[in-house]
Number of protein chains: 2
Amino acid sequence: MLSKQQLIEYSEDARKNYVNHISIDCVVFGFHEGQMKVLLLKTNDEEKWYLPGGFVLNEEHIDNAAVRILQERTGLDKIFLQQFRVFGDPDRSKFHNDMYVGMLPKEENWFSGRFISIGYYALVDFFDVTPHPDQFSELCAWRDLDDMPEMQLDHEKIYKSALDALRLQLNYQPIGYNLMPREFTMPELQKLYETILGKKLDRRNFQRRILGFGILNRSEEPRKGGAHKAPYLYSFDMENYQNALTEGFKGGW
Amino acid sequence: MLSKQQLIEYSEDARKNYVNHISIDCVVFGFHEGQMKVLLLKTNDEEKWYLPGGFVLNEEHIDNAAVRILQERTGLDKIFLQQFRVFGDPDRSKFHNDMYVGMLPKEENWFSGRFISIGYYALVDFFDVTPHPDQFSELCAWRDLDDMPEMQLDHEKIYKSALDALRLQLNYQPIGYNLMPREFTMPELQKLYETILGKKLDRRNFQRRILGFGILNRSEEPRKGGAHKAPYLYSFDMENYQNALTEGFKGGW
DNA sequence: TTTCATAGTGTATTAAGTACACAATTGTAA
DNA sequence: TTACAATTGTGTACTTAATACACTATGAAA
């Protein structure tokens with residue numbers, strides 16, 4: 001245990017040596033017209049895009065901070081959010097570091113510090129989102145996953161890492177409630193899985209497997225009006241879905 | 001983009017509203033005599049124990065910070081470390097908050113702040129560790145996983161969360177190189193798995209499965225001298241082991 | 001030399017994953 | 001109106017992994 005004098009010295013040292021800011025970066029996935037989308041921001045002066053992000057308020061839970069940040073960008077208030085990892089490379093700094101670093105002396109400039117970022121990914125319904133730029137940006141928009149622009153700092157690494165985490169999640173948790181409309185066809189759901197995984201799946205085996213999870217309800221009436229054979233419509237059984245979210249799919253050992 | 005005036009205001013606000021300290025907490029797992037152990041610290045004045053932890057230096061990678069902290073506690077320099085999640089409840093604060101909070105005015109006391117903690121878990125060889133107390137504690141010792149003491153703050157939540165992460169890891173990565181001696185018997189390895197999972201496994205099925213991973217070499221000579229039938233000795237095939245670490249075991253989808 | 005605890009090995013059954021083919025529906029073009 | 005193309009729905013054989021379970025072998029101690 002420290003004496004008072006030691007505590008004073010420790011506190012002084014800590015204030016000098018442990019000066020790290022925490023930020024939050026969010027990878028928001030949406031799904032539209034068979035394409036996986038990511039919500040990105042851009043200033044007009046810079047070519048590079050960046051992820052929606054922000055900071056944690058003094059008395060705020062970090063998960064709430066992520067929710068708050070995404071509310072501001074998307075207008076949504078119920079968001080599926082998953083913390084997936086922390087990015088703590090000392091070379092990384094907040095996106096506007098370059099931009100603002102010359103404008104003020106280092107001590108006065110918040111952005112001259114070093115930032116450790118907590119990565120979250122979110123799954124949202126594309127149609128529910130109204131993208132709002134933040135105070136640093138002029139543009140907030142969806143970008144296709146297979147046509148991603150050049151990005152600030154390590155944001156490419158972050159969104160790729162989020163995608164990896166999402167793919168891992170597919171193996172032991174249900175996915176889709178937050179990404180699909182209320183009713184959807186089996187081929188549409190399959191397309192979602194194929195997009196996330198980046199590969200084709202067998203129709204018949206996909207159907208058997210996903211139905212085996214017991215998280216889908218098939219409605220009586222098939223979808224009509226479209227070309228070709230009318231497909232059945234499905235929706236998620238929320239009770240079983242929630243249960244599968246907490247329980248997980250396979251036991252493993 | 002912000003004007004200079006806006007940047008000044010933003011920086012001032014940020015310095016007031018985003019005052020969060022980052023700490024690192026490590027759950028160090030060891031294995032000895034068929035028991036899973038966790039390395040814990042304790043002061044003499046307090047009954048409660050806490051996890052080894054520390055802070056991130058200004059220009060330090062967070063992973064290196066965790067390595068540095070564990071070097072100081074264990075003497076080890078090559079440690080298997082895995083970041084598993086961030087704990088950001090505003091109620092949590094650094095372990096010595098209660099202890100030191102009255103000793104200095106709030107502004108001068110590092111421990112009066114709010115702490116966001118990055119959780120790491122480590123797997124180490126029990127015999128390689130020489131526990132060193134830190135500057136706040138008088139005691140650093142191994143505790144049995146099934147006889148854990150009362151702990152400071154949310155440290156119980158953290159180590160349980162680490163255990164969950166470790167159990168998940170069993171499903172898609174090899175485990176054991178960092179926890180077992182160089183040579184070991186199949187029943188010993190099985191005991192490790194059983195301890196982590198908290199349940200019994202079938203000997204024959206365990207052996208088939210673990211051998212199927214192709215990460216073990218069986219030595220020519222069985223272990224002699226012990227009671228009962230002499231068991232074979234195994235060691236990890238490091239090339240395949242490393243490969244399995246990065247590749248993972250099952251593809252899932 | 002018998003007994004007991006532990007180690008090594010194999011086989012049958014069940015469940016899950018994979019590969020693959022044909023029939024049904026609906027709009028469109030001949 | 002009819003043939004066609006595109007898409008959907010369904011079933012079955014095959015392979016692989018998971019599970020359940022029983023016998024034989026060894027070595028120390030009684």
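Labels below follow one simple rule: chain letters A, B, ... track the order of the sequence lines, proteins then strands, and each chain is numbered from 1. These figures come from a predicted structure and were not determined experimentally.
Between Tyr232(A) atom OH and dT10(D) atom C1' the separation is 10 Å, expressed in whole Å. Rounding to whole angstrom units, CG of residue Leu211(A) and C1' of dG9(D) are separated by 11 Å. Here dT19(D) presents its C1' atom at 12 Å from CG of Leu201(B), a figure rounded to the nearest Å. Atom CG in Leu189(A) sits roughly 16 Å away from atom C1' in dG9(D) (whole-Å rounding). Between the CZ atom of Phe249(A) and the C1' atom of dG17(C) there is a distance of 16 Å, rounded to whole Å. Straight-line distance from the CG atom of Asp202(B) to the P atom of dA17(D): 18 Å, rounded to whole Å. The separation between Arg218(A) atom CZ and dT8(D) atom C1' is 11 Å, rounded to whole Å. Taking atom CZ of residue Phe206(A) and atom C1' of nucleotide dG9(D), one finds them 15 Å apart after rounding to whole Å.
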Protein within reach of the bases, or only the backbone? For nucleotides 22-30 of chain D, mark each nucleotide 5' to 3' as B, S or -, using heavy atoms under 4.0 Å. B--BBBS--
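Helix bend of the helix from dT1(C)-dA30(D) to dA30(C)-dT1(D): the angle between its two end axes, each built from five pairs, comes to 20° after rounding to 10°.
Looking at heavy atoms from C-beta onward, Leu139(B) lies out of side-chain contact with Pro133(B) at the 4.5 angstrom threshold. Side-chain contact between Lys199(B) and Glu194(B) is absent, with no heavy-atom pair separated by less than 4.5 Å. Looking only at side-chain heavy atoms (C-beta outward), Ile79(B) and Asn178(B) stay at 4.5 Å or farther from each other.
Using the six-membered ring where Trp is involved, Tyr121(B) and Phe80(B) have ring planes that are tilted, between 30° and 60° apart. Aromatic ring orientation, Tyr241(B) versus Phe236(B): perpendicular (interplanar angle above 60°, classes split at 30° and 60°). By the 30° and 60° cut-offs, the orientation of the rings of His32(A) relative to Phe127(A) is perpendicular.
With ring centers used as reference points, Tyr120(B) lies 6.0 Å or more from Phe84(B).
Both tests hold for Arg85(A) against Phe87(A): distance to the six-membered ring centre under 6.0 Å, angle to the ring axis within 45°.
Under 3.5 Å, the side chains of Ser161(B) and Asp164(B) contain no donor-acceptor pair of N or O atoms.
Of the candidate nucleotides dG8(C), dG9(D), dA19(C), dA19(C) has the atom nearest to the side chain of Asn205(A).
For dT11(C), the base has a donor-acceptor partner in the side chain of Arg208(B) [N/O atoms by modelled type, under 3.5 angstrom].
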